[in-house]
Amino acid sequence: MNFFHGCTALITGASSGIGEEFARQLAPHARAIILVARRMDRLEALKRELDRPGLTVHCHAADLADEVQIEALLAALAASGERVSLLINNAGLGDHGLFEESDWLRVRAMLDVNITALTRLSHALLPDLVRAGRGAILNVSSIACLLPLPKMAVYAATKAYVTSFSEALRAELRGTGVSVTVLCPGPVNTEFSLTAARPTGRDRMPAPEIFKVPVEEVVSTGLAAVERDRARAIPGWLVCVVMTITSLVPIFLLRLFLTQRRRGGG
Ligand SMILES: NC(=O)c1ccc[n+]([C@@H]2O[C@H](COP(=O)([O-])OP(=O)(O)OC[C@H]3O[C@@H](n4cnc5c(N)ncnc54)[C@H](OP(=O)(O)O)[C@@H]3O)[C@@H](O)[C@H]2O)c1
């Protein structure tokens, strides 16, 4: 964890699940951590938990679906004088169910948080990282980025964006001292599936337990990938094997499987 010694990390979606765990694992090494999410009470509780001499924790309540609040976050950051050396774009949300039956406001929130906020924060913070000649961006995508997913069509497409954007940005930044890593978890026990479920609960897609990777392992895999300057990380050996095989299956065969997902329960 030498790489993270004395770093200043900004973590979005730090009020729960994977983001909260990123803060826990970075706290023993970082100099400062900026926690961002909407639920300030959760951020304040995490700040109390992380408290140790030599670590400064800032909490910032922001709805990342709201451009005005993102700009306010950036202004507060500039005013605080903190220079972010590690940006973890983790905040995200999903939606389980047919696209034609989806709530537009939820679809828009997915596009705004999963794509726009991640891109805006990277755009705003990158020039300082490049000027410093050192730093890292870790974008949290999903294995859903690797293939189109009926009943999670928009979510999977947003994660395809995250992965594509991260890979391209990494290539652009080669030689600058700034790395970009994309983390592609499979199913993890967090609040994610609860928030992705629709009120009817009809299209919930519980993942088989065997594929689930503990949140601690997801985060340690992501941080190890940053430390080793890896482009992409898929936590959990079984998920990794299944996704590697899936990526080798021709699309015409995948379409047969994908069409079954529309007809069947998921
Ligand atoms: N869990 C999984 O199975 C899984 C699998 C693959 C990828 N992922 C990805 O992992 C990331 C973290 O998800 P998680 O599993 O930790 O889910 P989670 O427990 O539901 O956490 C999501 C986090 O995102 C924040 N967030 C959501 N909407 C926001 C908004 N409008 N403004 C600001 N923050 C917002 C939430 O904070 P507030 O509600 O307090 O704002 C929360 O801290 C996501 O990008 C997700 O797509 C998860």
Side-chain angles (χ1 to χ4, degrees), residues 10-25 33-47 59-73 87-96 105-121 138-147 149 152 154-163 165-166 181-197 204-209 211-219 221-222 232-236 239-240 242-243:
L10 188 153
I11 307 169
T12 68
S15 62
S16 159
I18 297 173
E20 195 175 22
E21 183 60 23
F22 269 120
R24 288 200 179 101
Q25 292 196 20
I33 301 182
I34 300 139
L35 306 170
V36 181
R38 288 166 300 181
R39 288 169 291 180
M40 191 59 159
D41 54 332
R42 296 261 196 121
L43 299 183
E44 293 285 5
L46 182 59
K47 175 180 171 160
C59 299
H60 193 103
D63 181 349
L64 296 174
D66 180 346
E67 218 177 319
V68 175
Q69 294 193 36
I70 296 177
E71 297 311 316
L73 163 65
L87 168 62
I88 303 185
N89 280 310
N90 162 78
L93 65 154
D95 179 44
H96 285 155
L105 291 182
R106 184 154 191 92
V107 172
R108 204 172 65 185
M110 263 191 297
L111 298 170
D112 290 342
V113 177
N114 300 7
I115 295 180
T116 309
L118 172 144
T119 312
R120 176 63 185 126
L121 291 178
L138 175 58
N139 289 331
V140 181
S141 179
S142 161
I143 54 166
C145 76
L146 300 170
L147 74 170
L149 267 190
M152 284 198 95
V154 175
Y155 176 74
T158 66
K159 294 303 184 179
Y161 173 92
V162 173
T163 300
F165 172 66
S166 305
T181 297
V182 65
L183 178 65
C184 303
V188 192
N189 270 335
T190 62
E191 293 170 15
F192 178 83
S193 52
L194 211 67
T195 32
R204 289 195 68 182
M205 292 185 283
E209 285 299 317
F211 287 117
K212 288 193 178 163
V213 178
V215 68
E216 295 83 1
E217 186 180 337
V218 170
V219 167
T221 303
R232 202 183 285 205
I234 301 178
V239 180
C240 201
V242 170
M243 290 323 295

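Note that ligands are numbered from 1 as they come in the structure, with each ligand's atoms numbered from 1 the same way. Counting from 1, the numbers follow the sequence of the chain as shown.
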Near ligand 1 (heavy atom, under 4.0 angstrom), the protein residues are Gly13, Ala14, Ser15, Ser16, Gly17, Ile18, Ala37, Arg38, Arg39, Ala62, Asp63, Leu64, Ala65, Asn90, Ala91, Gly92, Val113, Val140, Ser141, Ser142, Tyr155, Lys159, Pro185, Gly186, Pro187, Val188, Thr190, Glu191, Phe192, Thr195
Below 30° counts as parallel, above 60° as perpendicular, anything between as tilted: where do the rings of Phe192 and His96 land? perpendicular
Exercise. Using a cut-off of 6.0 Å, state whether more than 12 heavy atoms not belonging to Glu217 lie near its atom CD.
Key: yes
For the CZ atom on Arg39, are there more than 12 heavy atoms of other groups (residues, nucleotides or ligands in this structure) within a distance under 6.0 Å? yes
* Just by modelled atom types, is the Leu93 backbone N or O under 3.5 Å from a matching donor or acceptor in the Asn114 side chain? -> yes
Of all heavy-atom pairs linking Arg38 and Ala61, the shortest is O-CB, 4.0 Å
Tyr161 meets the side-chain hydrogen bond (donor to acceptor under 3.5 Å, both in side chains) criterion, sequence neighbours left out, with Thr119
